[in-house]
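This report refers to the structure that appears directly beneath it.
Just so we're on the same page: letters track the sequence lines, and every chain starts at 1. Excluded from the calculations below are hydrogen atoms, water molecules and symmetry mates; all remaining heavy atoms, backbone and side chain alike, are included.
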Amino acid sequence: MSEIADLSALPQEEREARENFLFNTKGFLSWALTLDHKRIGLMYLVGVMSAFFIAGMLALLIRLELMTPTNTYLSNAQYNQVFTLHGAIMVFLFIIPSVPAALGNFLVPVMLGAKDVAFPRLNLSSFYLWVSGAVFFLAAMLYTGLDTGWTFYTPYSTTTQGPVVAATMGVFILGFSSIFTGLNFIVTINTMRPPGMEWFKMPLFLWATYATSIIQVLATPVLGITVLLLAAERILHIGIFDPAYNGDPVTYQHFFWFYSHPAVYIMILPGMGIISELMSVHSHKSIFGYRFVAYSSVAIALFGFLVWGHHMFTSGMANVTTIIFSALTFTVSIPSAIKVFNWLATMYKGTVQLNTPMCYALNFIFLFTIGGLTGLWLGALSTDRPLHDTYFVVAHFHYVMVGGTLVGFLGGVFHWWPKMTGKMFSETWGKISCLLVFLGFNLTFLPQFVLGSRGMPRRYAQYVAEFQELHQMSSYGAFLLGFGLFVALGVFIHSLMAGKKAPPNPWGGATLEWQCTSPPPYYNFLEPPTVNDPYNYKPLAYRDGDRGWEYVHPEAPEVPQSEPEPAQS
Amino acid sequence: MSEAAVHGDGHGHDDHDHPAFLAHHFDDPEQQYDSGKLGMWLFLVTEILFFSGMFCAYALYRSIHPEVWTFASQFLNSTLGAINTGVLLFSSLTMAWGVRCAQLRQRTGLVVSLAATLGCASIFLGVKAIEYTHKWELGLLPAGTYESQFLPAAAHHGISQWLYVLSAIPAACVLGFGIWYAMTIAKGEKENSEVAGPLLVTALCYFAGVGLGLFLESGEAHGEDHGPGTHSEEHIDGHEHPGNVHEGEEGDPGHKDAHEGGGEEHSMLPGEAKVVFVSAETDGMKPLPKPGAATDKEIDQSGGAGLFFSIYYCMTGVHAVHILAGMGVLTWLLVRATRDHFNEQYFGPVDYVGLYWHIVDLIWIYLFPLLYLIK
Ligand code: HEM
Ligand SMILES: [Cu+2]
């Protein structure tokens, strides 16, 4: 790693093939022990996708059970276990590490023109912490019986027979993984920006990652101590959360949501960062309101710490407290709305190209907006009363977490796939997958809003017969959504096996990652690259499918003749 | 543009001056140092937030049950707490001195101050072991396992069994490091003996701490302080009543009688029970509970007193784990210091560990008054 072999004599093709980070060293250990942030990012990508697969299968099982109003495949106890594992795996093993750890790891140093993150060893250790946390969860799953819901509310979590201690230790370990990732990114972005890249010349993905990292560093330790105390509660009966020993369950909820509300912004902010990039690149137009988008990320991160009480409106807090939390909840939606308006304005008069990543980005905006707006119903005291703990809440958070984070994540994976693997994918099938995901998703979760407002409570295996139609719609939607995701997986696998070689810049992006080869060499950049405005697309021109977009140097002999520069506004 | 990015002769940063201690992805030592420092500060922020959960729990439950705190905190030995505070403060000094030595490339000074810091940490743990085992013996345990102090608990005579258990590891360390040290001396391996020696001293320091704790804890049993030692002996002497706390007063006639007998002249005081179980000379010094508030006995028997010890064990336990982790990294520094890894250009690791060590001390500086001093 330390010395760079002299390959300059080789032809360029050959040199790129030898130097690219995927193949520069070979063998299992060269991956397992790698300090290269790009490889770690890819390992995370495989890891979180596997977690998503497991939890997704559990989701389909849930929907299968809910096809009928009575228990068909699962007993009530089994149903509890299935939805708990689905939620816990999705949240702790998939969504939280998805964008920051997988894509962020790959992109942050490259976007900074740096060779690696500030602490490569810490980075690798955080990956292995993730793996060991996952093992705890798998153990809990094989042991079967974790049935507390992903929130581990006391007193149920202190009385159930399930493997709560194993699961909380898993959460504890995963928390550290998340903290280390966040810490690494904050330091990297602070100290390793290339000369000339001021804060306000950073790509917006980095702003979003920075804001996310702040939440990871400030909120996750509180989760750590909460689950530690919960484990102590079970083992030693310390009487802090357990009412059987004079403890207070509402205190547990405060502790838990002090982390877990900010955590929902850990989930969504990086997704928003991706969308900011995708909107601008695929519209070939500078992002509208750069500063507003950047500041709103930080604002979301900070406001996000003040609203946790909106999960506890019905838990018996003082009335004044609920009013304050409700009011604060409304403020948090302002920066989210700012982002949505700026993305829309970015497309206005741009040269919008409906590439697969862009389709996902539009999908995101549509779904996230519904999710965010329904959050306001839940944040308002009078409407939350009847809606709390119903399918309305389930639909709300799936709109933001699946419609937002997952769709944004997929958009990001499609967008940077050529950069990560060096292969193009099938545009047609990519778009089909996006359409299927869109239809399947809405078919799954729109009926749940109706169900919830009609009073269907969450977390039950049985329901009254009048809800069956809506539940069946939702289940069919889930199968369609699952199918759409398999199509997307198929696109990726096909691309790996038979994809066309990707040019360095297939979409016409102006951020630094598009300036190195696809896939990048293991050292990213020999020297810190020159820093341009990350959203200035004027000097870029499209050549052809093999060469993608290239910078048009004034002195370059071939000034584009056939391909006109896309219109700029 | 790919050419533009990958241009050059393929040697990259090998051209310019890149000393061995500088990681490949940093441009210069300054950037490396700044990154490390920022990373460490962020880590310390997470540490503070980690403890903050427990500080919140402390504040919350203290404000809800002030009487529990008044009652239960008297079981902590503030002399031992004060000694440990002093020990940690001194270790902070030696740590800071070590950082300075690293910056000036004073190898011996660095080794000595790291060893001194390790030794202090070890004394701290020794004293803590005495405090813990003493309380375990008396049943001063977290809420679920707390044993009433108004029962004839097993008399606490001398050394707790638990202390032997806890001391097994340091004893093994003394043995191991002793042998290693002897071997390095015999073989004349200077560098290794400079590691083995301090580690041996560190392991021995644990026993110094234990000795110190034993001495002070036993001194207390003669009535100098209102420590738990006193009251358990009084229990044995004064009230021979079998029975289980959970049966309450009715199921425990002997208990009741004892109180009626002993509480004659104090019968009007809500806090009558403490007369029975806290030694006489401290009785007057303890603020009386508010009229109408629960009696000490009620606090004790409702299990509420265990809450204080829950929080006490959680906070000091997590703190002790941090001390142990600190000892781990200090040892790593010690090894590197003997290898002469640090110099004017490169002293980051010593600096960062120093910061960590100070924060661990600082947390103790808060724990000590909150748990031991405020009544
Ligand atoms: C845009 C502003 C948002 C507002 C105003 C909002 C508001 C709320 C409220 C008030 C609840 C509690 C409902 C109840 O239990 O009665 C809730 C639940 C939830 N929200 Fe949001 N939310 C917003 C965005 C998000 C985002 C971006 C995410 C995640 C990416 C998210 C994830 C969740 C989850 C997971 C729950 C349910 C937790 C549970 O009880 O299991 N929310 N939201
Ligand atoms: Cu929330």
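- Distance check, rounded to the nearest 0.5 Å: CD of A:Glu233 to CD1 of A:Ile238 gives 5.0 Å.
- With a 4.5 angstrom heavy-atom cutoff, A:Leu512 does not touch chain B via any of its atoms.
- Contacts between A:Phe180 and chain B at a heavy-atom distance below 4.5 Å involve the side chain alone, from C-beta outward.
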A:Tyr523 vs A:Asp116, test: side chain to side chain donor-acceptor pair (under 3.5 Å). Steps then yes/no. CA-CA 8 Å; A:Tyr523 47 80; A:Asp116 210 324; over 6 Å; no

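- A 4.5 Å side-chain heavy-atom check between B:His322 and B:Ile363 finds every atom pair outside the cut-off.
- One N or O on the side chain of A:Lys38 and one on the backbone of A:Tyr522 form a donor-acceptor pair closer than 3.5 Å.
- The candidate with the highest count of non-hydrogen atom pairs below 4.5 Å against chain A, out of B:Phe43, B:Phe26, B:Tyr61, B:Phe51, is B:Tyr61.
- Looking only at heavy-atom pairs under 4.5 Å with chain A, the residue among B:Ser35, B:Ser310, B:Gly53, B:Pro142 that has the most is B:Ser35.
- Using a 4.5 Å cut-off between heavy atoms, A:Asn184 makes no contact with chain B at all.
- Contact of A:Ala114 with chain B is not made at all, since no heavy-atom distance falls under 4.5 Å.
- Proximity to chain B (any heavy atom under 4.5 Å) is shown, for A:Ile240, by both the backbone and the side chain.
- A salt bridge between A:Glu550 and A:Arg543 is present, with a side-chain N of the basic residue lying under 4.0 Å from a carboxylate O of the acidic one.
- For A:Leu223, no part sits under 4.5 Å from any heavy atom of chain B, backbone or side chain.
- Side-chain contact check for B:Phe308 versus B:Phe75: every heavy-atom pair is 4.5 Å or farther apart.
- Using a 4.5 Å cut-off on side-chain heavy atoms (C-beta onward), B:Leu371 and B:Tyr58 make contact.
- B:Leu60 touches chain A through its side chain: at least one heavy atom from C-beta onward sits under 4.5 Å away, while N, CA, C and O do not.
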